[in-house]
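Structure record follows, encoded as structure tokens.
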Amino acid sequence: MALVDEIREIGRKYPDRRGALLPSLYLAQKEYGWLSQEAYETVSEALNLPPATVKGVATFYAMYRKKPMGRHLIQLCTNVACMVMGAERLVDLLKERYGLEPGGTTEDGRFSLVIMECIGACDRAPAMLVDTDFHSDLNETNIFEILEKYK
Amino acid sequence: MLKVTINGIEIELEKPVTVLEAAKQAGIKIPTLCHFDGLPPFGGCRLCLVEVEKLPKLQTACTLMTTDGMVVRTETAQIKAARRAMLEFLLINHPLDCPYCDKAGECELQDLVAIYGPEAGRFAEGKRTHPESFDDPIIVRNMERCVLCTRCVRMCDELQGAFAITVTGRGSHSFVEPFTGGKYNCEYCGNCLTVCPVGAIMSRLHRHSYRPWYVEREVQTTCGFCGVGCTMILQMREEHIIRSIPRMGLGLNKGLLCVRGRFGYDFVESTERLSTPLINKNGQLQPVSWPEAYEYIANRLKEIKEKHGADAIGAIASGRCTNEDNYMLQRFMRFVIGTNNIDSLARLSYAPTVSYLESIFGQGITANLIPGIANSDGALVVGGDPTTINPILGLQIRAIRKNAGKVVVIGPPGGLKRFVTNALITDPYSEEMVLAAVLGRLSEEKELRGELPRLEEKIRAVKIPSQDELSDAIEVDEINAAVDTLKGMENPVVIIGPEIAMQKRSSKRLFLIAAIAYLINARLFVLSERPNLQGLMDMGCEPHMLPGGRPLEFEMFRHKMEESLGKKVPESKGMNLFEMLDAAQDGQLKALYVMGENLIQSLPNREKVESALKSLELLIVQDIYLTETSRLADVVLPASSWSEKDGTFTNLERRLQSVRAARTVSPGRADWQIIADISSQMGDSGKFSSVESVWEEIIHISPLHAGLSYEDIAKGNALWPYHGEPLRGVEGEFDVEGIDSLPEKRDKEAFYIQLQRPLYHSGSTSRHSRALLSIMGEPLVMINPSSAERLSLKDGDKVVVSSDIHRAEAKIKLSEDVRAGEVALCNTFSGLNFMQFVDYEVSPVLGCIVITKNNVNIEKVT
């Protein structure tokens, strides 16, 4: 289904068009990889909401991607428990192996890295999300075994 | 009834209002920053905090509703401390660059800090920085100064309905931005400038050109751009207009302006203004003195009158000129020259449209109040986009939708796009089919009340297209849905734009609209592109009408006028605009007096108009610029612009409003003054020492305006029918073209050129406004994306547009506001304009213009 149709489908579940805005933005993000001006315009057209309104709502929320991202998004936790269990070393290793800086994207557009505040998995620290997949008990070797599965 | 005590003062309230409103009624001022009258409450700035007994915490007065027995205090030590704290927070990031901020002196933040402090901030951290945005030609944005009151966003969304700006980001990184993040690409109404309490959103045009305290005087006047007649304040320093601003609550626009009114006034200070009379000597226009010009005109006119008779002389009045100017011109023609040859460009559509509707419903049927539109529960809009032709009226239609009413548009909805319940979009030549189908379905639902037998008889006679015949134009379901919407309206309005005339069978379309309006019992509005089209009609600038809406054909009216003025009224009906042009071409008309109009630019078939004007023995043009028309003149007289003379305009709802001279010196003379001077040069006994003396004569001879003083008009009481009753009976005779037939089909594959009426321009006057040119600086040929696809064109491509009579190169712009198969071009610019491409005929019933030969070819330039 085309994005516009998908958004309109979602729109039917809400009492008004504004209500459908957040899930629609997620759909657009999935389609475009990030929320570009074009993505905002598509959502605006599909929901018949002014583009400025769409952008205003999207930029308020931290979990939408407002700049171009790699094909896969790594969200690594470096909060207290993960830090104690060596997460900061993992950040350094990602930089060494892929040239990937926090907030940055690899040159080949494969990975983007975002440092996350507590992922809620302190008992299995360090932990990360790759796209929507959860991975825990990371160490210096298994993190690459996991990441190599994401091309 | 409830009682509230504020600062010890007991207030009785009819119904609960906010504490802020209650305090205001008691004369107590509570400081605010995010509150703005007319905008929905926000409660964001926390400056209106007040103490309310029995409530533990301070409350925001702008959102808290009063209850019976409430006791409120607005200025205690605790409140003052809280306000000081709020201001201290705001100043953490505010740059305090007041010395070079244009807002300083009228800045609400500055004023509040002056009252409540703090003397110094305690935050040592650096301020957030955000570069000032100069991406836009009109609006400059300084988000470091922004206090996030969101007044601009609420103004843009709630009152203007443009939804152009939003708060982006979060927390201290929130900024107000247009969608692009840079250029606004909006309607440029500038109403966000009105509400910004600080210097965050400012006019780039006025940047660093004034300080608020430079304003020496303010002149309240009426905007000279369109037929709405917004009240505006011209802020003056010496002889220059510093700014034009609206004032909240003032005028029918209630503090809103559109782009033309707010920014477009700078045409009056154009260096191209004419400053001396010119006479054509040996093929060249050469400067002469006023007495020489007057003498020349008087002698030549006398000569022509003696040789060829008075009817060899004609005049064109102007919808941009005041009632007084127009009155004097028709007075000159009727009593000094002795002919009824007077008409104006109102003949193109406005005058015939209004007259036709009056012949159906009676005089004054279009005199309905613009501010009342928002209170309707529905609108039917046909024949043009009100948000570009009469923008402030357009806002009223948007407000209908906001108030949960319904809006049906026939044609492209344009600026009403987000506000439409049903849009019936078809090609312009099928509009009659759509209207007939709507009428057909509606008359099944609504009964004929028997109020207007002649109209009802014709409604019964009208041919309604069958489902099959309609299928070519529009889906039947769409018609049904629109009719369902229309029949549910209880106090609707019908808005009629100029495009309803302009084509063949205009009387049929107008009749169908009138019939629909009758069935749903709607108030009628006819859009007017010029500030005083209605006024010039009322002043008798029509070949068949005397001042005050009295038909010339009745001897009684001529007699009355002769009695009151002691002058003979010429009996025979004069020539209208089109007849005068034909007569000039044939050599019947020898002299033409054109006041404030650019006929060559404004009429189709430039060659014909030019040749007609060149055939004249004498062409007199009164204007503020040298135009295409005045260049051909034998005498050019420099006129005063709208901001340099006193007088009155009559807007499309027939409200009389004052126009006041803001600049006391003018490179020209007021139009009425020039005509009075020439009249006396030609031996007329009338003495007109001031514009008041012109008005005195108007109210003396026009029964419509009898007893109406300038004071009444200034007070805003001059509403139709000014004093007393309308003049004529309810029903008249009217004809309908092709009542029992359907319109002929047009080639669906062909392209037709249409007149675009852009929001950012107004005829050829606005090409002298640097402000408006910075928004739209060149003519663009607009086509629908689907047409572009058919022609394999993309935005910005160069094409050759050719019709039977003209061929020109142009740049393409894609726009959804233009229908498929339509090519839209505005008529502002001199090199490339709509009228060059087309020819015209005169409508047999309405007498309005019918655009012909508008079939065009578009080829890509490779």
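- Looking only at distances, no side-chain donor or acceptor of A:Thr59 sits under 3.5 Å from a matching main-chain atom of B:Thr168.
- When the shell of 6.0 Å around NZ of A:Lys66 is examined, it contains more than 12 heavy atoms from other residues, nucleotides or ligands.
- The environment of NZ in A:Lys151 is crowded: more than 12 heavy-atom neighbours from other residues, nucleotides or ligands sit within 6.0 Å.
- Heavy-atom contacts from other residues, nucleotides or ligands closer than 6.0 Å to NZ of B:Lys127 number more than 12.
- Contacts between residues 35-43 of chain A and chain B, counted as heavy-atom pairs separated by less than 4.5 Å, involve A:Gln37, A:Tyr40, A:Glu41.
- Within 6.0 Å of CD in A:Glu107 there are 12 or fewer heavy atoms belonging to other residues, nucleotides or ligands.
- Using a 4.5 Å cut-off between heavy atoms, A:Ala62 touches chain B through backbone and side chain atoms alike.
- Applying the 6.0 Å contact sphere to CZ of B:Arg170 captures more than 12 heavy atoms from other residues, nucleotides or ligands.
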Which side-chain N or O atoms in residues 79-95 of chain A pair as donor and acceptor under 3.5 Å with protein atoms at least two apart or in another chain?
{"residue": "A:Asn79", "atom": "ND2", "partner": "A:Glu117", "partner atom": "OE1", "Å": "3.0"}
{"residue": "A:Lys95", "atom": "NZ", "partner": "A:Glu101", "partner atom": "OE2", "Å": "3.4"}

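- Heavy-atom contacts from other residues, nucleotides or ligands closer than 6.0 Å to NZ of B:Lys402 number more than 12.
- The minimum heavy-atom distance linking A:Asn48 with B:Arg418 is given by the pair OD1-NH1, 3.3 Å.
- Scanning both residues, A:Ala52 and B:Ala164, for their nearest heavy atoms gives CB-O, 3.6 Å.
- Around the CD atom of B:Glu132, the shell of radius 6.0 Å holds more than 12 heavy atoms that belong to other residues, nucleotides or ligands.
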